[in-house]
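All remarks here apply to the structure that follows.
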Amino acid sequence: QVQPVESGGGLVQPGGSLRLSCSMSGTGGTLYDTYWYRQAPGKQRDLVAIMYTGGETVYMDSVKGRFTLSRGSARNLVNLQMNNLKFEDTAVYYCTNGQGAWGQGTQVTVSS
């Protein structure tokens with residue numbers, strides 16, 4: 001059973017940076033697409049970015065130019081580099097393989 005695990009969240013000031021990571025266990029060697037979502041308090045869970053198995057990336061307009069996806073050295077490890085963070089980036093960030101497996105989320109708080 002595939003199990004994504006997010007890490008790297010924390011507290012950062014506006015304009016700062018964080019790097020989140022998503023690793024997936026139980027994949028049996030299969031490479032999966034990796035989707036990043038976020039959910040702010042009282043709001044719906046929104047798509048942030050996607051890394052497809054072929055390396056293609058997609059970013060939502062709200063993060064384009066500030067967030068960057070990259071593959072880690074381990075299979076099914078995807079990093080989300082977040083630069084120039086804004087107050088509105090505060091949320092719990094989740095990763096998923098797009099096939100029903102979700103991580104527990106990692107909190108990102110942007111505050112002065």
Side-chain angles (χ1 to χ4, degrees):
Q1 185 174 354
V2 177
Q3 181 59 60
V5 177
E6 306 91 344
S7 61
L11 173 65
V12 64
Q13 293 185 337
S17 298
L18 282 175
R19 189 175 81 161
L20 306 183
S21 296
C22 174
S23 62
M24 296 189 194
S25 61
T27 64
T30 300
L31 191 63
Y32 288 91
D33 298 334
T34 301
Y35 298 75
W36 281 96
Y37 283 77
R38 66 186 180 187
Q39 187 167 20
K43 296 190 176 181
Q44 67 182 19
R45 191 171 296 188
D46 291 329
L47 180 64
V48 174
I50 308 168
M51 172 164 272
Y52 293 107
T53 55
E56 302 88 353
T57 55
V58 174
Y59 301 94
M60 298 304 105
D61 286 345
S62 58
V63 305
K64 201 173 291 184
R66 300 187 298 122
F67 289 13
T68 305
L69 287 164
S70 63
R71 284 213 177 272
S73 56
R75 198 166 179 81
N76 282 308
L77 174 63
V78 172
N79 300 312
L80 180 65
Q81 178 67 39
M82 307 187 297
N83 297 328
N84 190 23
L85 284 161
K86 304 177 180 181
F87 292 119
E88 52 265 39
D89 295 318
T90 295
V92 178
Y93 284 70
Y94 299 90
C95 66
T96 173
N97 65 349
Q99 299 182 25
W102 288 83
Q104 80 289 348
T106 186
Q107 177 71 48
V108 171
T109 303
V110 184
S111 175
S112 55

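Since we're looking at a predicted model, the values are computed, not measured.
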To the nearest 0.5 Å, tell me how far [X] [atom1] sits from [Y] [atom2].
X	Y	atom1	atom2	answer
Q39	D46	CD	CG	8.5 Å
N76	L31	CG	CG	5.0 Å
R38	L80	CZ	CG	9.5 Å
C95	L77	SG	CG	9.5 Å
E88	T90	CD	OG1	8.5 Å
Q3	S25	CD	OG	6.0 Å

[X] (side chain) donor-acceptor with [Y] (main chain) under 3.5 angstrom:
X	Y	answer
T109	L11	no
E6	T106	no
T96	A101	yes

Should [X] and [Y] be regarded as members of a common hydrophobic cluster, given that ILVMFWY residues are connected when their side-chain heavy atoms come within less than 4.5 Å of each other, either directly or indirectly?
X	Y	value
Y35	V5	no
M60	V110	no
M51	W36	yes

Please report the shortest heavy-atom distance between [X] and [Y], naming the atom on each side.
X	Y	answer
M24	D33	CE-O, 3.8 Å
T30	R75	C-NE, 4.4 Å
V58	L69	O-CD1, 4.5 Å

Inset, instruction - For the residue pair N79 and Q81, confirm or rule out a side-chain donor-acceptor distance under 3.5 Å. - result: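 Per modelled atom types, N79 and Q81 side chains form no pair under 3.5 Å.
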Inset, instruction - Return each pair, listed once, that meets ring pair (Phe, Tyr, Trp, His ring centres under 6.0 Å) where at least one residue sits in residues 80-104; pairs must be two or more places apart or across chains. - result: Y37-W102
Legend entry - Summary of ring pair (Phe, Tyr, Trp, His ring centres under 6.0 Å) pairs that have at least one residue in residues 48-76, sequence neighbours excluded: none
Inset, instruction - State, yes or no, whether a side-chain contact exists between D89 and R66 at a heavy-atom distance under 4.5 Å. - result: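 Side chain of D89 against side chain of R66, heavy atoms only: contact under 4.5 Å found.
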Legend entry - Q1 atom CD, neighbour heavy-atom count above 12 within 6.0 Å: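 Atom CD in Q1 is not crowded, with 12 or fewer foreign heavy atoms closer than 6.0 Å.
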Inset, instruction - Kindly indicate, with the supporting measurements, whether the criterion side-chain contact (heavy atoms from CB on, under 4.5 Å) is fulfilled by V108 and M82. - result: CA-CA 10 Å; V108 171; M82 307 187 297; 3.8 Å; yes
Could you list the donor-acceptor pairs under 3.5 angstrom formed between side-chain atoms of residues 12-20 and any protein atom two or more places apart in sequence or on another chain?
residue, atom, partner, partner atom, Å
S17, OG, N83, OD1, 2.9

